[in-house]
Every structure is written in C-alpha cells, then in structure tokens.
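Reviewing the structure listed below.
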Amino acid sequence: MKQIKLRELFSTFMRIGRFTFGGGYAMIPLIEKELVEQKGLLTEEEFIDIIAVVQGIPGVIAVNSSLFIGYKLRGILGALTSVLAISLPSILIILSIAQLLLNLQGNQWVEALFKGVRSAVVVLIFWAGYKMSKKAIVNYSSLIYTLGVVLGILVFKLHPIVLIGFAGIIGMITSITKTKEYNDDTD
Amino acid sequence: MILIELFLTFFKIGLFTFGGGYAMIPLIQEEMVAHGWLTIDQFVDIVAVSQMTPGAVAINNATFVGYKVAGFFGTAMSTFGLIAPSLIIITIVAKLLDKFSNHPLVEGAWQGIRPAVVGLIMVAVISIGKEVIIGIDGIIIGIIALVLLAKVKLHPIGVIVISGILGVLFTYI
C-alpha cells in the first residue's frame with residue numbers, strides 16, 4: 001500500500017477539521033470520503049473497524065479517529081500530525097474570538113441574544129441525550145443504570161466519574177454472570 | 001500551579017469521557033464549575049459557540065477555558081491534557097485494540113456505561129436548565145427550539161440563531 005506524506009496527512013485532517021460543524025460524529029463521513037474513497041489509503045473494512053474501536057475507548061471522537069488513523073498510516077508521528085491538524089482549526093477560531101467573547105460580557109444586546117441561545121442549548125443537550133437513550137436504554141436493566149445515575153447525582157451527590165466507573169464494573173459483572181448462566185445451561 | 005491543574009483537569013475529562021460529543025458535557029460542566037473557571041452561563045455560551053464553529057465541543061471548551069484562565073499557554077496545556085489519554089491508549093495498545101474492543105467484558109462494561117451516560121446528560125439538562133432558562137420568555141424560547149429541532153428538523157445552527165433573535169425580540173419588545 002502506498003504511503004502518505006506527513007504533509008498530506010496534515011492538510012487532509014486540517015480540511016476535515018475546518019469543515020465539520022457539530023464535532024466528532026459529523027467528521028466520520030468526511031474522513032471516509034477523503035481517506036477511503038478519494039485516496040484509497042484505507043479499505044472500507046479497515047475504516048469500519050477503526051470507527052468501531054474509536055467509539056469503544058474513552059476520549060473525544062474526533063481526537064481518537066485522527067490519532068488512530070494517523071498511527072495506522074504513519075506511526076506515532078502520523079498520529080501527532082493528524083491530531084494537531086484536526087484540532088488546529090477549532091483552536092485558532094476559538095482563540096481569535098475568545099477575547100471578543102470575554103469583552104462582550106455585560107453588553108445588553110449580547111446578553112439578550114445569549115439569553116435566547118442558552119435556552120436553545122439546553123434543548124440541544126436534551127435532544128442529544130434523548131437520541132442517545134434510544135440506543136442505550138434497550139431494556140429494564142439498562143433503565144436502572146440511567147435512573148441510578150440520576151439518583152446518585154441528585155440525591156447522593158456522587159461525582160460523575162464515580163458513577164461511570166460503577167456502571168462499567170456492574171455491567172462487566174452482569175455480563176460474566178450471564179455468560180456463566182449460558183454456559184451452565186448448555187452443559 | 002495553574003498550568004498543571006489545567007492539564008490534569010482536562011486529562012481527567014479526556015480519560016472519563018465515553019461516547020464523545022454531548023456525552024462529555026456533564027463532566028466538563030462539573031469540573032469547570034468546581035474549579036470556578038467558568039460560570040454556568042459562560043459554559044453554556046461556549047457550547048453554543050462550539051455548535052456554530054467547526055470542531056469538537058470538548059476541544060473548543062478546552063481552548064477557551066485554557067485561554068481565559070492562563071492565556072495562550074493555558075490553551076496549549078488544556079488541549080494537550082484532553083488529547084493525552086487518547087494518545088496513550090491508542091499508541092500503547094493500538095495493536096491490541098481490535099481484540100480489546102470486541103472482548104465480552106468490554107462489551108459488558110459498555111452496556112452499563114451507555115445508559116449511565118444518558119443519566120448524566122439528563123441531570124446536566126436539569127441543572128443547567130434551572131440556571132439558564134430564565135422566566136416565561138426562556139421557557140417559550142426553549143419550547144420553540146424543541147419544536148424546530150424535533151419536528152421541523154432544523155439544523156442546530158439554525159435553532160441557535162433563531163433562539164438568539166427571539167431572545168433579543170423578547171427583551172426589547
């Protein structure tokens with residue numbers, strides 16, 4: 001398989017980073033178009049495997065995908081090049097408007113504008129959670145995890161990380177007991 | 001030291017974010033407010049700005065918070081902190097990852113984590129909503145935003161722009 005130059009890897013991921021609004025998941029089809037269809041650097045199967053893996057480990061989807069693909073194509077230098085390229089557009093944009101945002105605080109018009117915007121953001125977050133719930137809450141036992149977390153935070157004031165850890169461990173234990181039951185049945 | 005604290009905080013966020021995108025919002029919110037780096041209003045504004053500019057919410061947030069707290073070097077430290085856990089996981093265990101992510105135990109852990117993240121997001125909606133949706137105006141704009149998003153299927157950027165305009169109209173009319 002032909003090898004991609006680091007410079008080309010950089011410009012490819014920079015382009016992807018510049019044109020993706022809405023973050024990680026929105027980048028996936030763009031990465032596919034650039035690297036699988038146009039450049040033929042990855043096969044469709046490799047790409048699907050990569051996407052499955054980057055969603056299965058912690059971290060930001062955009063960061064994980066660029067790191068993993070860069071690493072696969074050009075090793076550690078490739079990983080660093082790709083992640084820098086994909087993050088650079090957002091870093092530059094935010095840096096250039098950060099001061100403006102801080103200066104505008106207290107401006108009445110801007111406050112009125114953001115008052116409306118903030119209501120919308122709460123709705124956007126709710127909608128993201130709702131869409132996620134359709135895939136994540138598949139039966140009563142998964143609903144128990146969701147309710148457990150809500151109670152854990154609101155009533156017992158536990159830290160989100162503690163609850164995620166708990167959920168992961170209980171999920172593992174449940175899967176072991178289920179496999180065991182299955183094995184016992186088939187014995 | 002503040003730079004190290006920025007690095008460690010975003011390292012923690014990167015390490016414990018499962019599912020990407022909005023899944024990390026509860027964690028970022030918790031950390032930013034606990035450190036006093038952002039008010040809830042500022043945090044929500046950054047989420048809005050992130051929707052309207054290219055790039056991931058988490059990177060935009062890390063960049064902004066780093067800049068606000070410690071200028072350019074703050075940005076470098078917080079962004080690198082966010083990326084570092086993924087960098088470590090991917091380069092060290094890249095060869096094992098294919099097997100790792102298909103392992104029944106990992107799949108089991110995900111069956112617990114996915115619905116738990118939904119719970120985190122819903123708590124974030126409640127706690128953020130209580131702070132930033134102000135008065136009847138705020139509730140009406142929220143309902144309009146939900147209809148635009150869920151029924152009209154408008155792009156999030158459009159929903160944000162229209163809500164901003166409504167915010168100005170409601171305040172000045």
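Residue numbering restarts at 1 for every chain, and letters A, B, ... go by the order of the sequence lines. The model shown is predicted, which means the values in this text are computed figures rather than measured ones.
- Using a 4.5 Å cut-off between heavy atoms, V168(B) touches chain A through backbone and side chain atoms alike.
- For chain A, no part of E131(B) is nearby; none of its heavy atoms comes within less than 4.5 Å.
- Between chain B and the residues I76(A), I137(A), L102(A), L163(A), the largest count of heavy-atom pairs under 4.5 Å involves L102(A).
- Within residues 164-173 of chain A, the residues having any heavy atom less than 4.5 Å from a heavy atom of chain B are, in residue-number order, I164(A), A167(A), G168(A), G171(A), M172(A).
- For L8(B), the side chain to side chain contact (heavy atoms under 4.5 Å, CB included) partners are I4(B), not counting sequence neighbours.
- For L95(A), the parts lying near chain B are the backbone and the side chain together; criterion is any non-hydrogen pair under 4.5 Å.
- The list of salt bridge (charged side-chain N to carboxylate O under 4.0 Å, His left out) pairs with a residue in residues 32-52 of chain B, not counting sequence neighbours, reads R118(A)-D41(B), R118(A)-D45(B).
- Applying the side-chain hydrogen bond (donor to acceptor under 3.5 Å, both in side chains) rule to Y71(A) yields no partners; only residues at least two apart in sequence or on another chain are considered.
- The aromatic rings of F7(B) and F11(B) sit tilted, their planes meeting at an angle between 30° and 60°.
- Chain B forms the most heavy-atom pairs under 4.5 Å with one residue out of Q99(A), E111(A), Q108(A), and that residue is Q99(A).
- Classified by interplanar angle (parallel below 30°, tilted 30° to 60°, perpendicular above 60°), the ring pair W110(B)/F18(B) is perpendicular.
- Proximity to chain A is limited to the side chain of L82(B), based on heavy atoms less than 4.5 angstrom apart.
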